[in-house]
Protein chains: 2
Amino acid sequence: MVSTIKEIARRANVSIATVSRALNNNPKVTEQTRELIQKIADELSYKPNLAARNFVKKTSNVIGLILPDIADEFFSELIKGIDEVCYDNDYYTMVISTHRYRTLEETLNSLIRSGLLGGLIILIPNFTEPIKKLLSFAKMPVVLIGGGLGNNEYDIVSLDNYQGIYDITKYLIRKCNYTNLVHLSGPIDNDDAAIRIQAFRDCCNEFNIPSQNAQIIQGDFTRSSGVLLGMEIMNLKNKPEVIVAANDMMALGCYDAAKKKGLSIPDDIAVTGFDDIFVSQYLTPSLTTVRAQIEKEGHQAAELLMSKLNGNSHSPNTINRIKIPTELVIRNSIKQINKG
Amino acid sequence: MVSTIKEIARRANVSIATVSRALNNNPKVTEQTRELIQKIADELSYKPNLAARNFVKKTSNVIGLILPDIADEFFSELIKGIDEVCYDNDYYTMVISTHRYRTLEETLNSLIRSGLLGGLIILIPNFTEPIKKLLSFAKMPVVLIGGGLGNNEYDIVSLDNYQGIYDITKYLIRKCNYTNLVHLSGPIDNDDAAIRIQAFRDCCNEFNIPSQNAQIIQGDFTRSSGVLLGMEIMNLKNKPEVIVAANDMMALGCYDAAKKKGLSIPDDIAVTGFDDIFVSQYLTPSLTTVRAQIEKEGHQAAELLMSKLNGNSHSPNTINRIKIPTELVIRNSIKQINKG
DNA sequence: CGTTTAGATGTAAACGTTTACATGCAAAAT
DNA sequence: ATTTTGCATGTAAACGTTTACATCTAAACG
């Protein structure tokens, strides 16, 4: 029942070192003894004690995924993308969310020295100095997910926030001929949100939308802030023609707001989102949005981490920045363009 | 930088044993020495090496959550519910999904002996003999989530599947006066699905619905099976008045099917679901369904596990079976009843 | 035939912590 | 004053594995 390397050694009449070597396919062990040891290991249905192995090797086959909080669809796709790659590489995924009272710093500080993790994937809303400092003590590879403004040390995977918002804004201006837009943004201290704001601004500038017709209203990515600020926007004397929400959840809130105000989408006011969450296609009208390939984002982050762990990082000294392309999803929450 | 118990011992001029005891609040250490040791530990910002601790104690502060596959909203809520409780108890959550080629058995077999986990929460579609056997070797507490037919060994948390489907079926028969129903079920080898089928059957029997008007069509919980079988149902010569889907995803599929067939919900055919996933309230018409409190399910499962781990299980020898109550959510995908 | 060499195996330490047991010392009991 | 008691601390083993180094054996070489 207790099948350890020691027991195998006893039965095979060899030392535990030889057993260890044999089982790890170390070349300096005869094919004959390897076979014998393997046979006995199979008989005992030996499984290595990974806790012991990790401990002595000072690494771990567990990678930590640190998330601000475990909430929606977004995270479940991310986890899936990451876990798939990890699992294929014989790594396990530990999901750590920075909860209510515990801060990210505190969590990081314990975890970095716990010896429990062999690598770290961190989704950071904004990359602050204290976190940078803490991370520099980590003896394990780290990959960042998200905006990552101010990061020039770690590999990072982000959505192409800029392209996404730029594209949709451009579409609204050029294809739909909207001339009065508002960006319902995320919190400015969120790097993704900040980039999206910049893209909206740049695009409106480029196409000569006067600044009073390219306002930015700051929300917090939640549905309720979408409802609240959506109402506010609809009450504006200079009511915009279209709300460019920084994510689908807030766009959803705008739908609620429109309903409350008795406005119809897109005739009275148009709405667009970002993310293309599952519900968006089922809304009435269906939501025009920017598709974010979250699962792919997780995938890439994990791939990056694995390549560092396996040491076959083709460019060990440069930092890799991967941008996941976004895709415009035109549906019915905006004015239909006359085709042809 | 390398702050170990050994280094603290050296600086405090005591043995490592004393340090260990002091830091673990073992009563047999003077308040004076404890303070000294704590002070030095703080100075060095000592954090225990959990890998080493887990290894020597032959337990772990990581609990494993085994899922069939990491996919939708459902799982992210479950993870959230579990992780919250674990985190509050200083446990971490490792998410393990049984992937494509690796079977649940294989995964369990490695993990049970890996020493990586201190407890296990398993979501099992159906609880088979090989899995039972494997689980019996686990030296750690185990809690099951889901139907769990045939389990009489482990603590288990399940949705009240029976009550949920019974209630909604009864509502359709008694309140809405439907007399021809069909149950679009999940796979029969899924315990939750099996219980839902039974509830539908029992309820229809109880209210004297003839069996040809209480058919059961077997789907597989996916949206696409909902589309396919929804179409089939709508083509039946004895077309039912209402489809009682075993989950919201399949109900969603039925919406698509109705659209394709040009049928209107609920006038031509009514549809109900189970789960109350996020999208359901936003469908047109909004979906009448049974609300499943998934997060609570996870919560309870983790609570159960924690109480076992902390040894304050009030009833160590009996198995705890917790049923999470469901709640009817009446919306517009069924005939409105005349109120009063 | 003796010596070198290379390859296979063994020996033992190491990882950081916990903990059973031993020791020492001071206060309490005689 | 001597013995007992009880408590604080120290000693050392243990957990299962890896791995640097030592040792042994047999083949290759002169």
Side-chain angles (χ1 to χ4, degrees), chain A residues 1-38 40-41 44-62 90 110 112-118 139-140, chain B residues 1-38 40-41 44-62 110-118 139-140:
Chain A
M1 222 70 338
V2 278
S3 68
T4 65
I5 226 178
K6 213 181 273 179
E7 176 64 13
I8 297 175
R10 202 180 60 75
R11 300 206 188 193
N13 251 316
V14 294
S15 73
I16 58 167
T18 303
V19 176
S20 175
R21 284 187 281 250
L23 262 19
N24 288 300
N25 292 313
N26 185 316
K28 43 179 168 177
V29 51
T30 337
E31 200 46 47
Q32 200 182 2
T33 55
R34 186 196 312 288
E35 274 167 18
L36 172 65
I37 287 169
Q38 190 60 59
I40 296 176
L44 294 174
S45 69
Y46 167 81
K47 298 282 170 186
N49 183 322
L50 298 175
R53 172 184 296 170
N54 288 341
F55 171 50
V56 60
K57 295 188 90 168
K58 293 182 159 316
T59 66
S60 168
N61 66 331
V62 178
D90 282 312
S110 314
I112 278 176
R113 288 135 128 154
S114 71
L116 251 28
L117 301 178
K139 299 254 190 306
M140 60 193 95
Chain B
M1 219 67 343
V2 279
S3 68
T4 66
I5 227 179
K6 214 181 271 179
E7 175 64 13
I8 298 176
R10 202 181 59 76
R11 300 206 189 193
N13 251 315
V14 295
S15 72
I16 58 167
T18 302
V19 177
S20 175
R21 282 188 282 250
L23 262 20
N24 287 299
N25 292 313
N26 185 317
K28 41 179 168 177
V29 51
T30 337
E31 200 45 48
Q32 201 183 359
T33 52
R34 185 196 313 289
E35 274 167 18
L36 171 65
I37 287 169
Q38 189 62 58
I40 297 177
L44 293 173
S45 68
Y46 167 80
K47 297 282 171 187
N49 182 320
L50 298 175
R53 174 184 293 171
N54 288 341
F55 171 50
V56 61
K57 295 188 92 168
K58 293 182 159 316
T59 63
S60 168
N61 66 331
V62 178
S110 313
L111 274 172
I112 279 177
R113 287 135 130 155
S114 71
L116 252 29
L117 301 178
K139 297 254 190 304
M140 60 192 96

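Residue numbering restarts at 1 for every chain, and letters A, B, ... go by the order of the sequence lines.
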### For B/Arg34, salt bridge (Lys or Arg N to Asp or Glu O under 4.0 Å) partners two or more places apart
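Here the qualifying residues are B/Glu31.
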### Message
In this structure, how many angstroms lie between the C1' atom of D/dT9 and the CD atom of B/Gln32, rounded?
### Response
13 Å
#### Entry: Inter-end axis angle, the helix from C/dC1-D/dG30 to C/dT30-D/dA1, with every axis fitted to five base pairs (rounded, 10 degrees)
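Taking the rotation axis at each end, their angle is 60°.
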### nucleotides 16-22 of chain D: protein proximity per nucleotide (B base, S sugar-phosphate only, - neither; heavy atom, under 4.0 Å)
BBBBB--
Tell me, please, which residues at least two apart from [X] pass side chain to side chain contact (heavy atoms under 4.5 Å, CB included).
| X | value |
| --- | --- |
| B/Ile40 | B/Ile8, B/Arg11, B/Ala12, B/Leu36, B/Leu44 |
| A/Gln32 | A/Thr30 |
| B/Val62 | A/Met94, A/Leu116, B/Ser60, B/Tyr92, B/Met94, B/Leu117 |
| B/Ser15 | B/Ala17, B/Thr18 |

Validation: residues 49-56 of chain B side-chain donor-acceptor distances under 3.5 Å, sequence neighbours left out:
residue	atom	partner	partner atom	Å
B/Asn49	OD1	B/Ala51	N	2.9
B/Asn49	OD1	B/Ala52	N	2.9
B/Asn54	OD1	B/Asn61	N	3.4
B/Asn54	ND2	B/Leu50	O	3.3
B/Asn54	ND2	B/Asn61	OD1	3.1

### Message
Taking A/Lys28's backbone N and O only, do any of them form a donor-acceptor pair with A/Asn26's side chain (distance below 3.5 Å, no angle check)?
### Response
yes
### Task
Check every strand shown and say whether B/Asn13 touches a base, only sugar-phosphate, or nothing at a heavy-atom separation below 4.0 Å.
sugar-phosphate
### Query
Is the closest side-chain donor-acceptor distance between B/Arg113 and A/Ser45 under 3.5 Å?
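Side chains of B/Arg113 and A/Ser45: pair found under 3.5 Å.
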